[in-house]
Amino acid sequence: MKKDLLSIADLPEADVYQLLEEARRRKTDRRFTRELEGRTMGMIFQKPSTRTSVSFAVAIAELGGVSLSMNAQDLQMKRGESVSDTARVLSRYVSVIMIRANKHSDVEELARYATVPVINGLTDKEHPCQVLSDLLTAFESLRLAKLKDLKGLRVAYVGDGNNVAQSWMLAAGLLGFQLVISCPEGYDPEKEYVRKASSLCEKSGGQVVFERNPHAAVADASVIYTDVWASMGKEDESAHRKQVFMPYQVNEALLRRARGNAVVMHCLPAHRDEEIAGSVLDGPQSVVFDQAENRLHVQKAVLLNCLK
Ligand code: CP
Ligand code: NVA
C-alpha cells in the first residue's frame, strides 16, 4: 500500500507523533544524507507557493533526492489532459508527487490513479503539511515537555474558516485538543469538516467549538492562529472581505485577552494590518518564522514516511 498524505486525518494519531519526532530529530541534527538517493519528487503547482515549494525542494535535496517543479500552466493538464492520465504518466517517472491544487477532489483523483505516493501541498479544503509543522512549532514555542502534551493545547483560530482552519479542526479531532474557531457569519468552515472533526473528537476527547466573538474565543488560548481573509482564488472578494473581517483582526487588543504567554501563529504569506497587525506579526509573541522554518524539517519527515 502506498502512503499518500491527502489529509491530516489520513494519519493514525501515532503516525502524527512519529512524524513530529522525526522532524525534531532532523532539526536538531541537520545534515545532508543519501537516504533518498535515486528518488525524484514531482511537484505540481496550480497556485503560487514560496514555503511549500522551497521547503519540499530543499528537504528532498538534503536527503539526497531530486525534485522537479511543474507549473500546471505548462503541463498538458492546462489543455485538458485528464488528472487520471497525468497521474499514470508521472508515476512512470517520479517516486512521489506533491501537488498544490485548486480542487481537493483533483488531488484525490490523482492519488487514486497514481501508483506512487501523493502529498497534498494545499487544496481549497485542506493544508495538512502546514498544520503538521504548526504542531511542531506549538510544541517548541510553548516549551511542552513531550509531544503528547499537545493534547493540552487550547488553540483559537480567528478569521476565515478556510483550508488551514479545516486542517486544524481535523488535527484537534485526531490528537484530542481544544480548538475554538471564530469566524464572521457566512465564513464558517464547511459542514463536512464540522462533521468529520466532531466524529474524531468523540474518539479522542478533543473539542472543536465555534465562537463568533473573537475576544471570547481567545480567552485562555495558548495559541492564536490566523490566516489571510481571502485565500488564493478568492482575490476578487478581497475588498468586501476586508470590511466583514476587520473585527477579527489579530491585534494588540485581542492579544491582551489571551494568556500572557500565548504564541501567535500565521501560516504566511501575511497581509500586515489586515488579518494581523504588523506590530503583532513582528512582535515578541509571534512565532511565524519558526513555523516557516519547521516546514522544511516536517517535509523531510513526510517524504521519508512516504518513501521508506
Ligand atoms: N504557508 C504556505 O503554504 O506558504 P506558501 O503558499 O508560500 O507555500
Ligand atoms: N488559506 C491560504 C493559505 C496559504 C498558504 C490560501 O489558501 O491561500
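Each ligand, and each atom within it, is numbered from 1 in the order the structure gives. Worth saying up front: this structure is predicted, and the values here are computed from it rather than measured.
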Original post:
Does NZ or CZ of K148 fall inside the cone over Y17's six-membered ring, less than 6.0 Å from its centre and within 45° of the axis?
Top reply: yes
**OP:** Take Q130 and S167 through the side chain to side chain donor-acceptor pair (under 3.5 Å) test and state the conclusion after the steps.
**Re:** CA-CA 9 Å; Q130 177 67 51; S167 282; over 6 Å; no
Original post:
Nearest protein heavy atom to atom 4 (C) of ligand 2, by residue and atom, and its distance?
Top reply: L122 CD1, 3.8 Å
Original post:
If you measure from each non-hydrogen atom of L268 to ligand 2, which part falls under 4.0 Å: side chain, backbone, both or neither?
Top reply: backbone
Original post:
Which protein non-hydrogen atom lies closest to atom 3 (O) of ligand 1, naming both residue and atom, and how far is it?
Top reply: H127 NE2, 2.8 Å
Original post:
With the 4.5 Å side-chain cut-off for hydrophobic clustering, are V180 and L174 part of the same group?
Top reply: no
Subject >> Within reach of ligand 1, part of L268 (heavy-atom separation under 4.0 Å) >> reply: backbone
Subject >> Stepwise side chain to side chain contact (heavy atoms under 4.5 Å, CB included) test for M98 and I44 >> reply: CA-CA 6 Å; M98 193 284 287; I44 304 176; over 6 Å; no
Subject >> Atoms of ligand 1 close to T50 [distance to a heavy atom under 4.0 angstrom, numbered from 1] >> reply: 5 (P), 7 (O), 8 (O)
Original post:
With only distance considered, is N162 within less than 3.5 Å of ligand 2 through an N or O on each side?
Top reply: yes
Original post:
Any side-chain heavy atom of D160 within less than 4.5 Å of one from V228?
Top reply: no
Subject >> Polar side-chain atom of R100 near backbone of G121 as donor-acceptor pair, under 3.5 Å >> reply: yes
**OP:** Just need the protein heavy atom nearest to atom 2 (C) of ligand 1, so name the residue and atom and give the distance.
**Re:** R295 NH1, 3.3 Å
Original post:
Applying the 4.5 Å side-chain criterion to the ILVMFWY set and letting contacts propagate, would L75 and F45 be lumped into a single cluster?
Top reply: no
**OP:** Considering only non-hydrogen protein atoms, determine which one is nearest to atom 4 (O) of ligand 1 and report residue, atom name and distance to 0.1 Å.
**Re:** R51 NE, 2.8 Å
Original post:
When you measure from atom 7 (O) of ligand 2 to every protein heavy atom, which one gives the shortest distance, and what is it?
Top reply: N163 ND2, 2.8 Å
Subject >> R26/E62 salt bridge by N-O under 4.0 Å criterion >> reply: no
Original post:
Does Y187 have its ring centroid less than 6.0 Å away from the ring centroid of F245?
Top reply: yes
Subject >> Side-chain donor/acceptor of S182 to backbone N/O of E211, under 3.5 Å >> reply: yes
**OP:** Give yes or no for whether the N/O distance cutoff of 3.5 Å, strictly under, is met between P269 and ligand 1.
**Re:** no
Original post:
Among all protein non-hydrogen atoms, which one is nearest to atom 3 (C) of ligand 2, and what is the separation to 0.1 Å?
Top reply: D227 OD2, 3.5 Å
Original post:
Q130 heavy atoms, cut-off 4.0 Å: which ligand 1 atoms fall inside?
Top reply: 1 (N), 2 (C), 3 (O)
Original post:
Among all protein non-hydrogen atoms, which one is nearest to atom 8 (O) of ligand 2, and what is the separation to 0.1 Å?
Top reply: M232 N, 2.8 Å
**OP:** May I ask whether R100 has any heavy atom positioned less than 4.0 angstrom from an atom of ligand 1?
**Re:** yes
Original post:
Of S167, A230, S231, which has the heavy atom at the shortest distance from atom 6 (C) of ligand 2?
Top reply: S231
